[in-house]
Amino acid sequence: MEAGKHIGRSEKDLTVPDLMDRYVADMERRNRVSVSSVRSQIIPIKAAFERVLAAAVKPKRIAEFTDERRAAADADATINRRLEALRAALRWAVRTEALRSAPHITLLTEDNARTGFFERAEFDAVEANLPDPVNDIARLAYIVGWRKGRITPLPWTHVDREAREIRPPGYQSINKKTSIVGYVEGDEIDTLIERRYKTRSFSEFVFCWPAGHRNAGQRVIDIKKAWKVACRAAGVPDRLFHDLRRTAVRDMVRSGVPESVAMKISGHKTRSMFARYDIVDLEDQRAALRQVAQYRSAQTTKKKVVALHSRESF
């Protein structure tokens, strides 16, 4: 039986909230890495389509939803992530024969790519103000460029301390959709993993709340409040957790790591997405122009250049 056949509802009574819940449940069963992101995106979808049948979702209603979210001050990128979640759920319903067809959903044009990144001193200041284990979640993101949703579900069964390898949640060795990240004894990742290992008796997850916390042993899920407080204390209140991903990519490329290797580490699947995070700022441009000038000044003139006309000739 295909995934999703458990829905047991016909088109005439399958509502959008029902569909979204079942889609998320199926993602959880399949251990999809993106499930935490989708789970957060469906909240406004369920509210907006509370009594709407999935079969009744048409382009006009989707356009209305887009207008409603813009009126609520959502950025176009945020709206797109929610439209993507709705589109994926509808397509999943068609594949699992819960719906006969799904409407075409056109995404908005995004022109709001951020260029935020951390310098070392800034990150250190933020990390110093983060509680345990949020500080280590941020540290791993700063090192390898993983998204928060890829770090927080990491179980100890995906960490081989002897071989010093980490298999991200959702790792599939058959088709190699996600790569293993290797590290060496004594490096930053090794130090972090060994520190987390001391809390292994509390939870199956690498990043769980410590003893004494009201959620001791449970894996960390929501870090928004802790992150905002730490950024304000560090004097960088506008920084996002996702800026750590941009920073990791930029620093890997600047330090000479081949793009193919950097993409394996950060988990980027396409060159275009990776390129968005390879931030080029004014200092990069100045360094590039200095490099060109040095190259040209090192060249020797092979022929003597003779002016054919004087300035007065023109």
Side-chain angles (χ1 to χ4, degrees), residues 33-34 36-37 40 75 77-78 81 110 112-154 158-159 166-170 178-179 181-183 187-193 195-196 205-208 219-257 259 261-270 272-281 283-284:
V33 177
S34 58
S36 60
S37 175
S40 65
T78 301
R81 301 298 82 77
E110 295 181 34
N112 57 350
R114 286 176 54 91
T115 57
F117 56 88
F118 283 90
E119 298 306 328
R120 181 59 183 262
E122 293 172 334
F123 171 73
D124 288 343
V126 171
E127 183 187 35
N129 286 283
L130 289 170
D132 179 58
V134 182
N135 52 355
D136 282 340
I137 293 173
R139 171 63 62 175
L140 187 58
Y142 179 71
I143 298 170
V144 300
W146 287 0
R147 298 176 184 276
K148 178 177 70 69
R150 200 180 196 190
I151 297 174
T152 55
L154 183 65
H158 282 217
V159 178
I166 301 177
R167 291 178 289 117
T178 308
S179 300
V181 170
Y183 56 97
D187 71 2
E188 284 188 288
I189 298 180
D190 186 45
T191 301
L192 185 154
I193 291 298
R195 180 167 58 249
R196 301 309 327 156
F205 298 103
V206 175
F207 301 99
C208 64
R219 78 176 180 90
V220 177
I221 298 178
D222 186 7
I223 67 170
K224 291 180 180 179
K225 182 177 180 180
W227 179 259
K228 288 182 179 179
V229 170
C231 287
R232 284 199 298 267
V236 286
D238 61 334
R239 300 301 165 80
L240 302 178
F241 186 89
H242 198 76
D243 291 337
L244 297 174
R245 182 166 172 81
R246 278 179 274 269
T247 300
V249 168
R250 181 202 63 174
D251 290 352
M252 280 190 278
V253 171
R254 285 181 174 180
S255 62
V257 175
E259 281 190 4
V261 177
M263 288 177 65
K264 286 285 187 180
I265 294 173
S266 65
H268 282 91
K269 295 181 176 62
T270 64
S272 60
M273 288 302 296
F274 179 85
R276 288 188 61 181
Y277 297 130
D278 182 13
I279 308 299
V280 179
D281 60 16
E283 285 307 311
D284 292 325

Q.
Less than 4.5 Å apart, side chain to side chain, heavy atoms only: is that true for V144 and I189?
A.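 Yes - at least one pair of side-chain heavy atoms lies under 4.5 Å apart.
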**Q.** Student check: side-chain heavy atoms of Y183 and I143 closer than 4.5 Å
**A.**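 No, their side chains stay 4.5 Å or more apart.
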[X] side-chain N/O to [Y] backbone N/O, donor-acceptor pair under 3.5 Å:
| X | Y | value |
| --- | --- | --- |
| R239 | F117 | yes |
| W227 | V126 | no |
| T152 | G149 | no |
| R245 | S266 | yes |
| D190 | D187 | no |

Q: Let me see the working for D238 and R232 under salt bridge (charged side-chain N to carboxylate O under 4.0 Å, His left out), right down to the final yes or no.
A: CA-CA 8 Å; D238 61 334; R232 284 199 298 267; over 6 Å; no
Side-chain ion pair, [X] and [Y], N-O less than 4.0 Å:
| X | Y | answer |
| --- | --- | --- |
| R250 | E119 | yes |
| D136 | R139 | no |
| K148 | D222 | no |

Q | Pairwise distance CG(L130) to CD1(I137) - rounded to 0.5 angstrom | A |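 L130 atom CG to I137 atom CD1 measures 9.0 Å (nearest 0.5 Å).
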Q. In terms of ring plane angle, is the pair Y142 and F123 parallel, tilted or perpendicular, where the classes change at 30° and 60°?
A.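 Correct class here is parallel.
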